[in-house]
Trainee: 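Mind looking over this structure? Questions follow.
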Amino acid sequence: MISSNTPTQTRSLADRLRAETRPEHNAIETALDLPQSIQDAGDYTRLLSGFHGFYLPLEQALLRLDWEGTGIDLNERLKAPLIRTDLEACGADADSVPQCPTLPPCSSLAEGFGCLYVMEGATLGGAMIHRELSTRFEDWLSGKDHYYQCYGENRGSMWRQFRQAVDGFGEGCSSADQDRVIHSARATFRELQRWLER
């Protein structure tokens, strides 16, 4: 007979992230209203410019962390180079795009995982946004959608690998570091929303 005193299973760090960042996730989805808010090529280019201005400095900061042994190859997950390619295909000068001066905390692996959670999660929603934009813009979007087609058919497996890496990190770190992951993810959502709404 199983004792009624058996402790309930602790939630994984990935599950905690999903649950505890829900308010920030909902807030940015409501604020950006994607893909409905993208009505023309100018809207699309401005959105890409906003993403590039945020992702580029943040990814540069994340690259300074030591990801060895975490299950994360950060170089294969960088989004800024894809966005740059899309901006140039739209006729924009990526080098002239303003960069966000205020980044979320990203000076430790715990904080890095929090930032990366937001950036990797965006690739899942990107599939739905891409389907809608492909219908709306048809041929014009071709060659300007590398960011929204990030990982292609490997999108699901890349997300699962990321979740596994998050949970592996959570199992081996302190509760304080787990909390830092959550705090950084929430801050990343808020900073990204603030930057895109400026």
Side-chain angles (χ1 to χ4, degrees), residues 16-63 77-107 110-137 140-141 144-151 155 159 162 179-198:
R16 277 194 64 194
L17 273 164
R18 185 172 187 271
E20 295 179 38
T21 63
R22 177 57 58 185
E24 288 80 10
H25 188 184
N26 289 344
I28 195 170
E29 279 193 345
T30 300
L32 297 185
D33 191 27
L34 297 174
Q36 288 76 15
S37 61
I38 303 176
Q39 294 298 318
D40 55 33
D43 291 337
Y44 184 71
T45 304
R46 279 188 291 274
L47 179 65
L48 289 180
S49 295
F51 281 143
H52 192 266
F54 188 80
Y55 280 17
L56 180 61
L58 183 54
E59 288 179 347
Q60 288 172 342
L62 294 177
L63 283 167
R77 294 179 181 270
L78 297 178
K79 309 300 188 299
L82 301 177
I83 302 170
R84 181 186 184 90
T85 298
D86 293 340
L87 280 171
E88 291 174 347
C90 290
D93 178 9
D95 290 329
S96 68
V97 170
Q99 293 187 22
C100 182
T102 309
L103 297 177
C106 53
S107 60
E111 293 170 342
F113 266 111
C115 296
L116 206 53
Y117 172 78
V118 176
M119 300 163 79
E120 289 297 296
T123 64
L124 298 179
M128 179 274 293
I129 294 171
H130 184 260
R131 282 194 299 271
E132 172 66 25
L133 294 180
S134 295
T135 300
R136 188 177 305 167
F137 295 120
W140 181 85
L141 194 63
K144 305 175 182 72
D145 55 356
H146 295 84
Y147 169 66
Y148 276 113
Q149 292 201 87
C150 182
Y151 306 147
R155 189 188 308 264
W159 175 247
F162 176 71
D179 290 343
R180 288 185 184 96
V181 176
I182 305 295
H183 172 76
S184 179
R186 296 182 69 186
T188 302
F189 274 121
R190 290 193 298 267
E191 288 293 340
L192 178 57
Q193 180 179 342
R194 182 195 63 76
W195 174 247
L196 294 177
E197 287 184 318
R198 73 195 189 285

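Computed over heavy atoms, backbone and side chain alike; hydrogens, waters and symmetry mates excluded. As the structure is a computational prediction, the values presented were derived from the model and not from experiment.
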Trainee: Aromatic rings Phe137 and Tyr44: how do their planes relate, parallel, tilted or perpendicular, breaks at 30° and 60°?
Mentor: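 Tilted: the ring planes of Phe137 and Tyr44 meet at 30° to 60°.
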
Trainee: Look only at the side chain of Glu59 and the backbone of Ala80, and say whether a donor-acceptor pair between them is shorter than 3.5 Å.
Mentor: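 Yes; at least one donor-acceptor contact below 3.5 Å.
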
Trainee: Can Arg190 and Glu24 be said to form a salt bridge (Lys or Arg N to Asp or Glu O under 4.0 Å), step by step?
Mentor: CA-CA 7 Å; Arg190 290 193 298 267; Glu24 288 80 10; 3.4 Å; yes

Trainee: Within a radius of less than 6.0 Å around CZ of Arg18, do more than 12 heavy atoms belonging to other residues, nucleotides or ligands occur?
Mentor: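 12 or below, so no.
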
Trainee: Counting distance only, does the side-chain N/O of Arg186 pair as donor-acceptor with the main-chain N or O of His183 below 3.5 Å?
Mentor: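 No, the answer is negative, given that no donor and acceptor are paired below the 3.5 Å cut-off.
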
Trainee: Measuring from Thr21:OG1 to Asn26:CG, what's the distance to the nearest 0.5 Å?
Mentor: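 So the gap between those two atoms works out to 9.0 Å.
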
Trainee: Which heavy atom of Thr45 sits nearest a heavy atom of Ala92, and at what distance?
Mentor: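 In terms of heavy atoms, the two residues are closest at CG2-CB, 4.0 Å.
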
Trainee: Restricting to side-chain hydrogen bond (donor to acceptor under 3.5 Å, both in side chains), what partner residues turn up for Arg194, sequence neighbours left out?
Mentor: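 Residues passing side-chain hydrogen bond (donor to acceptor under 3.5 Å, both in side chains) with Arg194: Glu191.
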
Trainee: Please name all residues satisfying side-chain hydrogen bond (donor to acceptor under 3.5 Å, both in side chains) with Tyr148, sequence neighbours left out, ordered by chain then number.
Mentor: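 Expected list: none.
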
Trainee: Taking all atoms of both residues into account, what is the closest heavy-atom pair of Leu58 and Met119, and its distance?
Mentor: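 Closest heavy-atom pair between Leu58 and Met119: CD2-SD, 3.7 Å.
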
Trainee: I'd like to check the side-chain contact (heavy atoms from CB on, under 4.5 Å) partners of Ala127; sequence neighbours left out, ordered by chain and number.
Mentor: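 Applying side-chain contact (heavy atoms from CB on, under 4.5 Å) to Ala127 gives Arg131, Arg155.
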
Trainee: Show the numbers, then the answer: is there a salt bridge (Lys or Arg N to Asp or Glu O under 4.0 Å) between Arg16 and Asp179?
Mentor: CA-CA 10 Å; Arg16 277 194 64 194; Asp179 290 343; 3.1 Å; yes

Trainee: Do other residues, nucleotides or ligands put more than 12 heavy atoms under 6.0 Å from His130 NE2?
Mentor: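 Check passes, neighbour count above 12.
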
Trainee: I need the Phe51 CZ to Trp195 CH2 distance, nearest 0.5 Å.
Mentor: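 It is 13.0 Å, given to the nearest 0.5 Å.
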
Trainee: Which atoms form the tightest heavy-atom contact between Leu17 and Ala185, and what is the distance?
Mentor: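 Between these two residues, the closest heavy atoms are CD2-CB, 3.6 Å.
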
Trainee: Side chains of Val181 and Tyr117: closer than 4.5 Å at any heavy-atom pair?
Mentor: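 When only atoms from C-beta onward are counted, Tyr117 and Val181 do not touch, as no gap falls below 4.5 Å.
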
Trainee: How about Tyr55 and Pro81: do any of their side-chain heavy atoms sit closer than 4.5 Å?
Mentor: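 No; the side chains remain at least 4.5 Å from each other.
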
Trainee: Quick one: CZ on Arg77 to CG on Leu82, what's the gap to the nearest 0.5 Å?
Mentor: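 Output value for this atom pair is 13.0 Å.
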
Trainee: For Leu56, is there any backbone N or O sitting under 3.5 Å from a side-chain donor or acceptor partner on Gln99?
Mentor: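 Flag not set: sc Gln99 to bb Leu56 has no pair under 3.5 Å.
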
Trainee: Quick one: CD on Glu29 to CZ on Arg22, what's the gap to the nearest 0.5 Å?
Mentor: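 One gets 7.0 Å once the value is rounded to the nearest 0.5 Å.
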
Trainee: Using every non-hydrogen atom in the two residues, find where Phe54 and Leu103 come nearest and quote the distance to one decimal.
Mentor: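 Scanning both residues, the minimum pair turns out to be O-CD2, 4.3 Å.
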
Trainee: Quick one, Leu87 and Tyr147 - any side-chain contact, counting heavy atoms below 4.5 Å?
Mentor: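 Side chain of Leu87 against side chain of Tyr147, heavy atoms only: no contact under 4.5 Å found.
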
Trainee: Does any N or O in the side chain of Trp159 come within less than 3.5 Å of the main-chain N or O of Glu120, such that one atom is a donor and the other an acceptor?
Mentor: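 No, because the side chain of Trp159 does not come within donor-acceptor range (under 3.5 Å) of the backbone of Glu120.
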
Trainee: Please name the pair of heavy atoms, one in Ser37 and one in Leu34, separated by the smallest distance, quoted to 0.1 Å.
Mentor: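 Between these two residues, the closest heavy atoms are OG-CD2, 3.3 Å.
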
